[in-house]
Amino acid sequence: MHELIFYPIGNGETCLIKLASGKRIAFDYADLYDPSDPTDKRMPLRDNFRQDIGWWAMPGRNYVDVLAVTHGDLDHIKRISEHFWLDHATKYQGDDRIRINEMWVPAALIVEEGAEDETRIIRQEARHRLKNKKGIKVFSRPEALRNWFEDEGLSMDEFRGFFVDAGTLVPGFTKEADGVEFFVHSPFAERTDDGVLDRNSDCIVVQGVFVAGASECRVLLTADIANSEGELDRIVRITKAHGRDERLKWDVYDVPHHCSYLSLSGEKGEWQTPVTPEVDWLLKNGNKSSIMVCCSDVIPQETTTQPPHVEAYRTYQGYRKLHDAEWVVTMEHPTKTKPLRTVVEITTAGARLRKAGGAAVAAATGAMLPRAG
């Protein structure tokens with residue numbers, strides 16, 4: 001059995017993948033909890049995350065096999081520099097920190113200038129690992145970094161083995177050896193050529209294909225991919241043009257950008273957000289009895305400036321009904337007053353949502369609701 005754990009951290013995203021093989025893969029890490037606010041219902045991530053990777057239960061399990069930083073926004077990286085061991089500076093090291101065997105980052109993070117605070121620290125770590133050719137994969141063609149390599153006095157040809165392009169599988173994981181493969185949809189090479197970076201457009205988007213017994217379960221991890229300028233449309237068009245429709249199939253859909261209307265189209269809509277033909281096709285490409293996970297605050301009743309947007313929520317509900325899907329909002333699961341982990345189990349029967357139970361720090365336990373994948 002594999003597990004996907006989504007944490008209730010408000011308008012932020014952290015997903016821990018626990019493979020049946022024992023490997024642990026984290027897509028983003030953002031500890032957004034404010035201990036000084038007694039009304040804050042977000043989960044304090046540090047100890048809960050450590051428990052889930054096996055920090056106390058498994059001697060020597062003080063690491064994640066992969067930390068994928070999908071992009072450099074704070075709601076996806078906050079407190080990484082406080083909680084993880086970083087190689088580039090001793091002040092970010094200590095026995096109480098989680099080790100990172102390998103980092104995955106978009107090329108935009110390497111070349112970004114003017115980054116501040118946490119983003120700058122993560123950028124420095126990524127640059128350090130790349131220069132030392134150790135423990136990193138950079139997503140996008142290396143040509144996107146040509147100028148940076150030249151400025152650093154480095155030969156780009158020596159580093160090509162550390163890059164992963166859209167339209168390929170991530171090296172190091174196979175269905176045969178690990179029970180999963182990751183197909184890369186984003187970022188694309190040309191998005192940083194003019195030096196103008198849009199973190200949401202350049203974020204890492206992958207399809208994970210998980211194997212359990214004779215069955216396969218497809219998971220789309222979308223981070224903050226936008227569609228205000230056709231970014232998601234482009235993924236759909238390119239994938240279909242290459243005859244790879246199955247690479248956009250999903251049994252579990254990670255709703256992009258905290259249920260923002262901008263990941264559906266550039267127009268919020270009066271009652272619900274309109275979708276482009278490409279996004280309509282993508283959302284119809286889910287399987288029956290699938291699961292849609294929305295990593296966000298509680299869905300509001302009225303229109304708001306910041307996500308989640310109720311207009312987008314109303315649009316998604318049409319597709320939820322079409323697929324007879326489970327819809328889960330991380331800050332509403334199992335209740336709005338006491339949100340806990342959202343755990344998706346991937347078994348020989350497909351993907352199913354585990355009934356939430358237990359409390360913060362303790363892992364979610366309880367009976368399971370069967371869902372076909």
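Being a predicted model, the structure only gives us computed values, none of them experimental.
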Report yes or no: do [X] and [Y] form a side-chain donor-acceptor pair below 3.5 Å?
X	Y	answer
Asn227	Asp233	yes
Asp224	His76	yes
Asp34	Ser36	yes
Glu118	Ser81	yes
Gln317	Arg320	yes
Asp75	His258	yes
Glu150	Trp148	no
His88	Glu125	yes

If you count heavy atoms of other groups shown closer than 6.0 angstrom to CZ of Arg120, is the number above 12? no
A quick test of your reading: do over 12 heavy atoms of other residues, nucleotides or ligands sit less than 6.0 Å from NZ of Lys134? no
Please determine which of [options] meets the side-chain contact (heavy atoms from CB on, under 4.5 Å) test together with [X].
X	options	value
Tyr29	Ile77, Val64, Val69, Leu45	Leu45
Ser290	Tyr253, Trp250, Trp327	Trp250
Ile100	Leu86, Ile136, Asp87, Asp65	Leu86

Begin from the C-alpha positions of Asp251 and Ile291 and carry the test side chain to side chain contact (heavy atoms under 4.5 Å, CB included) through to its verdict. CA-CA 6 Å; Asp251 301 286; Ile291 301 171; over 6 Å; no
Check ion pair [X]-[Y] (N to O, under 4.0 angstrom):
X	Y	value
Glu246	Arg218	no
Lys355	Glu326	no
Lys321	Asp324	no
Arg46	Glu82	no
Arg352	Glu345	yes

Given side chain to side chain donor-acceptor pair (under 3.5 Å), test Ser296 with Asn11 step by step and report yes or no. CA-CA 4 Å; Ser296 78; Asn11 272 359; 4.5 Å; no
Just do the ring-ring contact (aromatic ring centres under 6.0 Å, His included) check on Trp85 and Tyr92 with the steps written out, would you? CA-CA 6 Å; Trp85 175 296; Tyr92 304 117; over 10 Å; no
Applying the side chain to side chain donor-acceptor pair (under 3.5 Å) criterion to Tyr7, which one of Thr14, Asn48, Asp52 satisfies it? Asp52
Once you measure the plane-to-plane angle for Phe182 and Phe173, does it fall in the parallel (<30°), tilted (30-60°) or perpendicular (>60°) bin? perpendicular
Euclidean distance, Thr304 OG1 relative to Glu311 CD, rounded to 0.5 Å: 7.0 Å
Side-chain contact, heavy-atom cut-off 4.5 Å: [X] with [Y]?
X	Y	value
Asp178	Lys23	yes
Lys249	Asn287	yes
Ile53	Ile98	yes

By the ring-ring contact (aromatic ring centres under 6.0 Å, His included) test, which pairs, at least two apart or in different chains, include something from residues 271-297? none
Given the ring of Tyr63, does Arg61 sit roughly above its face, with NZ or CZ under 6.0 Å from the centre of the six-membered ring and within 45° of the axis? yes
